[in-house]
Amino acid sequence: MPIYALVDVNNFYASAERLFRPDLARRPVVVLSNNDGCIVARSAEVKALGVPMGEPYFRVRDTLQSAGTAVFSSNYALYADLSARVMRTLEELAPAVEVYSIDEAFLDLTGLDALSDPLEFGRQVQARVLSDVGLPVSVGIGPTKTLAKLANYIAKQDPQHNGVACLREPDRRTKALKNIPVKEVWGVGGRFAERLEALGVRSAADLALLRDSRIRQLFPVTLARTAEELRGRACHDLDSEPAPQQQIICSRTFGAPIREYSAMREAVADYAVRAAERLRGTGQYAGALTVFLRTNPHLAAEPQHTPSASSRLPVPTADTRDLLTAALHIAEQLWQPGYAYIKAGIMLAELQSPAASADLFTDHSARARSEQLMHTVDAINRRHGQSAVTFGVQRRGPAGWRMRRKNLSPAYTTRWSDLPVVR
DNA sequence: TCTGGGGTCCTAGGACCC
DNA sequence: TCTGGGGTCCTAGGACCC
């Protein structure tokens, strides 16, 4: 029988901010989304205040302030680096690891000796990550990924567990699942939960007991798999080598609305350049590109415009110049004066390997020159900072549309000038 | 004043083909 | 009044995840 663990970092972004700020150990901490818009991470103290995940910051600003909360803008350079360190440690502890998100990983523990005592194994994982990286993790263990996720939920729910729980034994499982709202099950979101509750399915145990034919009749097959996993039969294998990415999206809300095309052009160019960098990072070429613009949907009284358009690239490419040309061409067609746009974005699709996109008519020497140039640009920017080399249409320096990040912490671990100093 | 960003999978329905 | 059936591909929308 397979056995999985789900390990995740507690309140990851908030814990990451605390790592280099021991003075914040007992203070409430929140981290905001891009543009300092929403709450995306909360320390335990903030959760206790009843501040929900995803809440717009301006609505809870006063509450947070009077509790003496330390507020941070998202610092992805820091989180990505710490995430990589956590994953490296996990890879030393388990034969196979699937990095599932920036702050969590599934471990395949099948056949591991440590499993005679799963809880002890979980405690070892906690201790190792804490000593290697300095971050607190929780560990859930179960015979399927869905049950490992649920065990992780239980581990966090009840302080008695100290962040480790196991759902391997069938009879313990039946009891535990009764107390878990169906909404907490991995794969059951708000919509499905509502419909399930209308059918009288309130707990994870209820879902496990729901007849398979009934589920398939009313829901997509994905939910049938989820229920099967709750019953202890694995439908999802560990995916330690994920399939190549299918699309790349680069989009941002602006720091202030854009009313002039010249500013939109700068923004779209900026996003296209970033999307292209990320594309090259995957080693793939893009065959199609979409641009979208959006006004502010929260301002119902204002005129709304949310145009988008795609085009297939003449030849699949990872060259920033090609992607810029295509993106700006579309943006120009989408643009209509008289609107206050608050967001724009680029999507790259039909990603494919360079080999797959070459044919009889491919100009291989032009391709080689393009690859070399882009490689050089990327290398310089990696070494000297993201905008050491920019393209003509990109704006250098500040602009009103750039994202707000008022409370950004230093890039402690990835930039020499930001290295923490001990006095 | 202030409401994130980046992904995947599934399904239904239309277009098209034989 | 009559106007098949079945297959494949694509797209849009909706659901989920973090």
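This structure is a prediction, so every number in the text was calculated from the model and none was measured. Lettering of chains follows the sequences in order, A, B, ..., and the numbering in each one begins at 1. Atom set for the values below is all heavy atoms of this structure, side chains included, hydrogens, waters and symmetry mates excluded.
Residues from residues 55-86 of chain A lying near DNA chain B, meaning a heavy-atom separation below 4.0 Å, are P56(A), F58(A), R59(A), R61(A) in numerical order. Applying a 4.0 Å cut-off to non-hydrogen atoms, the residues of residues 253-289 of chain A that approach DNA chain B are T253(A), R278(A), listed by residue number.
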Starting at the 5' end of nucleotides 13-18 of chain C, put B wherever the base has a protein heavy atom under 4.0 Å, S where only the sugar-phosphate does, and a dash everywhere else.
--SSSS
Please tabulate, for side-chain N and O atoms in residues 326-348 of chain A, each donor-acceptor pair with protein atoms closer than 3.5 Å (sequence neighbours left out).
unit_1  : atom_1 : unit_2  : atom_2 : d
Y341(A) : OH     : H305(A) : ND1    : 2.6
Y341(A) : OH     : Q336(A) : N      : 3.4
Y341(A) : OH     : Q336(A) : O      : 3.3

Please set out all donor-acceptor pairs under 3.5 angstrom arising from side-chain atoms of residues 45-56 of chain A, sequence neighbours excluded.
unit_1 : atom_1 : unit_2 : atom_2 : d
E45(A) : OE1    : R18(A) : NH2    : 3.0
E45(A) : OE1    : S43(A) : OG     : 2.6
E45(A) : OE2    : R18(A) : NH2    : 3.4
K47(A) : NZ     : N11(A) : OD1    : 2.6

Atom pairs and distances, side-chain donor-acceptor, residues 208-230 of chain A, under 3.5 Å, sequence neighbours left out:
unit_1  : atom_1 : unit_2  : atom_2 : d
R211(A) : NE     : S213(A) : OG     : 3.4
D212(A) : OD2    : R216(A) : NE     : 2.8
T226(A) : OG1    : T222(A) : O      : 3.2
E228(A) : OE1    : R231(A) : NH1    : 2.6
E228(A) : OE2    : R233(A) : NE     : 2.4
E228(A) : OE2    : R233(A) : NH2    : 3.3
E229(A) : OE1    : T146(A) : N      : 3.0
E229(A) : OE1    : T146(A) : OG1    : 2.5
E229(A) : OE2    : C235(A) : N      : 2.7
E229(A) : OE2    : H236(A) : N      : 2.9

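In this structure, N34(A) reaches the sugar-phosphate backbone alone: every heavy-atom distance under 4.0 Å involves primed, P, OP1 or OP2 atoms, never a base. Across all strands shown, L32(A) has no heavy atoms under 4.0 Å from either base or sugar-phosphate atoms.
To the nearest angstrom, C1' of dG4(B) lies 18 Å from CZ of R402(A). Between L348(A) atom CG and dG6(B) atom P there is a gap of 11 Å when expressed in whole angstrom units. The separation between W401(A) atom CH2 and dG4(B) atom C1' is 17 Å, rounded to whole Å. Spacing between atom OH of Y13(A) and atom P of dG4(B) amounts to 15 Å, rounded to whole angstrom units. Atom CE in M347(A) sits roughly 11 Å away from atom P in dG6(B) (whole-Å rounding).
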Can you give the dot-bracket line for DNA chain B, using ( ) for pairs inside the strand, [ ] for pairs that cross earlier ones, | for pairs with another strand and . for unpaired bases, where Watson-Crick and G-U count if both distances are under 3.5 Å?
....||||||||||||||
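Applying the side chain to side chain donor-acceptor pair (under 3.5 Å) criterion to S15(A), with sequence neighbours excluded, gives no partner residue. For Y13(A), there are no side chain to side chain donor-acceptor pair (under 3.5 Å) partners two or more places apart in sequence or in a different chain. Evaluation of the side chain to side chain donor-acceptor pair (under 3.5 Å) rule for T253(A) yields no partner, not counting sequence neighbours.
Listed pair R404(A) / dT1(B) fails the phosphate criterion, with no side-chain N or O lying under 4.0 Å from OP1 or OP2. Residue K406(A) places no side-chain N or O under 4.0 Å from the OP1 or OP2 atom of dC2(B).
Comparing R252(A) and L299(A) along DNA chain B, the residue whose closest nucleotide (by nearest heavy atom) sits nearer the 5' end is L299(A).
Between the side chains of S409(A) and N75(A), at least one donor N or O sits under 3.5 Å from an acceptor N or O. For D108(A) and T110(A), the side-chain atoms include at least one donor-acceptor pair closer than 3.5 Å. Residues T282(A) and Q245(A) have side chains that never bring a donor and an acceptor to within less than 3.5 angstrom of each other.
Distance check on atom C1': dC17(B) versus dG4(C) gives 14 Å, rounded to whole Å.
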Quick one: which protein N/O atoms are closer than 3.5 Å to N/O atoms of nucleotides 8-11 of chain B? Pair and distance per line, please.
unit_1  : atom_1 : unit_2  : atom_2 : d
dT8(B)  : OP1    : Q246(A) : N      : 3.0
dC9(B)  : OP2    : Q246(A) : NE2    : 2.9
dC10(B) : OP1    : R225(A) : NH1    : 3.1
dT11(B) : OP1    : V221(A) : N      : 3.4

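Distance alone, capped at 3.5 Å, places no donor-acceptor pair between the K149(A) side chain and the V185(A) backbone.
Ring-centre distance between W186(A) and F192(A): not below the 6.0 Å cut-off.
Atom CD of E371(A) is surrounded by more than 12 heavy atoms from other residues, nucleotides or ligands within 6.0 Å. More than 12 heavy-atom neighbours from other residues, nucleotides or ligands sit within 6.0 angstrom of CZ on R278(A).
Contact annotation: the side chain of R294(A) never approaches that of S308(A) to less than 4.5 Å [non-hydrogen atoms, C-beta and beyond].
A salt bridge between K156(A) and D8(A) is present, with a side-chain N of the basic residue lying under 4.0 Å from a carboxylate O of the acidic one.
Within the structure, every pair that satisfies the salt bridge (charged side-chain N to carboxylate O under 4.0 Å, His left out) test and touches residues 125-142 of chain A, not counting sequence neighbours, is listed here: E92(A)-R128(A), R128(A)-D132(A).
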